[in-house]
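Scroll down for the structure; my scribbles are underneath it.
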2 protein chains.
Amino acid sequence: MSSPGEHWISYTNDLLAGSGLRKSAARTHVIELLGAQHCALSAQEIEHHLGTDGHRVGRASIYRTLEMLVARGLIKRIDMGRAEASFEATMPDGHHHHHMVCSQCGNVAAFDDPQLEAAIDAVAERLSATVNDHDVLLRGICGTCAAS
Amino acid sequence: MSSPGEHWISYTNDLLAGSGLRKSAARTHVIELLGAQHCALSAQEIEHHLGTDGHRVGRASIYRTLEMLVARGLIKRIDMGRAEASFEATMPDGHHHHHMVCSQCGNVAAFDDPQLEAAIDAVAERLSATVNDHDVLLRGICGTCAAS
DNA sequence: GAGTCTAATGAGAATGAGTCCCATTAGCTG
DNA sequence: CAGCTAATGGGACTCATTCTCATTAGACTC
Ligand SMILES: [Mn+2]
Ligand SMILES: [Mn+2]
Ligand SMILES: [Zn+2]
Ligand SMILES: [Zn+2]
């Protein structure tokens, strides 16, 4: 059984293998951690998770890897209104989700909505400009906070 | 002739007048600058504009004013992927626009799309959570950059 | 396997947006 | 005008992110 995350990991490794990049433990660990996630992680969370897993990686290397992956479109930087940015794998088929942040507890929920995607494509069509990426962030009250 | 910005300024001043806040030059200048804008400004841009206009205001007061206005829903904090956040007036009738950033030159264009708003309302309906705000950011190539 | 070249690493310094502190200024009320 | 205290602003501080640079370690040759 190969999860979508494992698919992304091998896809990413294959892509990087043929790019003149040397193999490195630091990069491998960051990529495998990102691939194991179902939602975004911040640089700090990555540093902490890797440390806990016994695969400590220098902060500079984490940021360098993230920058490199963003530049190649393999991950996406996501800003959720917090102090630090988050990063998540981008599926090669373009499939993705967006986020809703609870303004009370800060909890983040992912959602996937084809009709919203269609609406955004339509907007891009209406504006006569080339749109190649978009962010959507909803803010509101999550279920847990609503029941209080 | 009263522009929408002037309307926002008086609306804001009226609202603040009946809130136990003292009148202050610093706050007044920030509010008038924001009201004169048709799109978002960063704290740094505000500091610079006010300095140029001969109305220098301390950085701390600028941030305090922005925080206060955000807390009362009079302005909105907008993150456009840059290092600093931007802020723009929120019209009392809820009317607003979103932004498209050129990934080449960084230029920002505002757009207003009722159909997109309807689509977002529909998403909020589908998720069974209370959604009370949203951000949308498009990234792409602007007209100027496309012609190069 | 040793030698060479240089990409990659990581500790720590540097940067910079935003926050905090606190002595001073200036609205407001009587 | 006096007294009270909200508001100001210079500058210290925080903390995410970037930069520096001496060291490590892939990859390729012999
Ligand atoms: Mn989408
Ligand atoms: Mn909208
Ligand atoms: Zn919540
Ligand atoms: Zn452009």
Side-chain angles (χ1 to χ4, degrees), chain A residues 12-34 40-51 53-72 74-87 106, chain B residues 12-34 40-51 53-72 74-87 106:
Chain A
T12 297
N13 284 333
D14 289 357
L15 211 149
L16 296 182
S19 320
L21 289 175
R22 290 183 185 173
K23 198 170 280 191
S24 94
R27 204 147 50 205
T28 302
H29 290 139
V30 172
I31 289 171
E32 290 190 341
L33 179 61
L34 286 170
L41 283 186
S42 70
Q44 276 188 82
E45 288 169 330
I46 292 170
E47 184 172 24
H48 181 257
H49 279 222
L50 291 180
D53 297 355
H55 298 297
R56 188 128 66 94
V57 170
R59 199 172 312 142
S61 295
I62 292 173
Y63 279 106
R64 269 189 296 245
T65 299
L66 291 173
E67 181 184 18
M68 186 273 293
L69 292 172
V70 167
R72 290 164 196 259
L74 292 163
I75 62 175
K76 183 170 159 58
R77 180 195 173 108
I78 295 176
D79 226 307
M80 302 209 245
R82 309 180 179 182
E84 355 85 69
S86 296
F87 300 85
Chain B
T12 297
N13 284 332
D14 290 356
L15 211 150
L16 297 182
S19 319
L21 289 176
R22 289 183 186 172
K23 198 169 279 193
S24 95
R27 204 146 52 206
T28 302
H29 290 139
V30 172
I31 290 170
E32 290 190 341
L33 179 61
L34 285 170
L41 283 186
S42 70
Q44 276 188 78
E45 289 169 330
I46 291 170
E47 185 172 22
H48 180 258
H49 279 225
L50 291 180
D53 297 356
H55 297 297
R56 189 128 65 95
V57 171
R59 198 173 313 142
S61 295
I62 292 174
Y63 280 108
R64 270 187 299 244
T65 300
L66 292 173
E67 181 184 19
M68 185 273 292
L69 292 172
V70 167
R72 291 166 196 256
L74 292 163
I75 62 174
K76 182 170 159 59
R77 180 197 173 108
I78 295 176
D79 225 309
M80 300 209 246
R82 309 180 178 181
E84 355 86 71
S86 296
F87 300 84

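Fair warning: this is a prediction, and the values are worked out from it, not measured in the lab. Each chain gets a letter, A, B and so on, in the order the sequences are listed, and its residues count up from 1.
Atom CD of B:E84 has more than 12 neighbouring heavy atoms from other residues, nucleotides or ligands inside a 6.0 Å radius.
Each end of the helix from C:dG1-D:dC30 to C:dG30-D:dC1 gets its own rotation axis from five pairs of C1' atoms, and the angle between them is 30° to the nearest 10 degrees.
Taken from CG in A:L15 to CG in A:L21, the straight-line distance is 10.0 Å, to the nearest 0.5 Å. Taken from CD in B:E32 to OG1 in B:T12, the straight-line distance is 11.0 Å, to the nearest 0.5 Å. A distance of 5.5 Å separates CD1 of B:I62 from CG of B:L50, quoted to the nearest 0.5 Å. Summarising the geometry, atom CG belonging to B:L74 is positioned 11.5 Å from atom CG belonging to B:L66; distances are rounded to the nearest 0.5 Å.
Taking the 5' to 3' direction, DNA chain C first and last meets chain B under 4.0 angstrom from a heavy atom at C:dA17 to C:dC28. Reading DNA chain D from its 5' end, the first and the last nucleotide to sit under 4.0 Å from a heavy atom of chain A are D:dA16 to D:dA27.
Contacts of A:E45 classified as side chain to side chain contact (heavy atoms under 4.5 Å, CB included), with partners at least two apart in sequence or in another chain: A:L41, A:S42. A search for salt bridge (Lys or Arg N to Asp or Glu O under 4.0 Å) contacts involving B:E47 returns B:R59, not counting sequence neighbours. With sequence neighbours left out, the side chain to side chain contact (heavy atoms under 4.5 Å, CB included) criterion links A:A85 to A:R77, A:F87. Looking at residues two or more places apart in sequence or on another chain, you find a side chain to side chain contact (heavy atoms under 4.5 Å, CB included) between B:S61 and B:A26, B:V57, B:R64. In this structure, B:R82 has no side chain to side chain donor-acceptor pair (under 3.5 Å) partners at least two apart in sequence or on a different chain.
For DNA chain C, the neighbouring residues in residues 16-27 of chain B, judged by any heavy atom under 4.0 Å, are B:R22, B:K23. Using a 4.0 Å cutoff on non-hydrogen atoms, the parts of residues 58-72 of chain A near DNA chain D are A:R59, A:A60, A:Y63, ordered by number. Residues from residues 74-81 of chain A that place a heavy atom under 4.0 Å from any atom of DNA chain D: there are none.
By the 4.5 Å heavy-atom criterion applied to side chains, B:L34 and B:T65 are not counted as neighbours.
Contacts classified as side-chain hydrogen bond (donor to acceptor under 3.5 Å, both in side chains) and involving residues 15-30 of chain A (residues at least two apart or in different chains) are given here: A:S19-A:R72, A:H29-A:H55.
With DNA chain C read from its 5' end, the first of the two nearest nucleotides for A:R56 and B:A83 is the one closest to A:R56.
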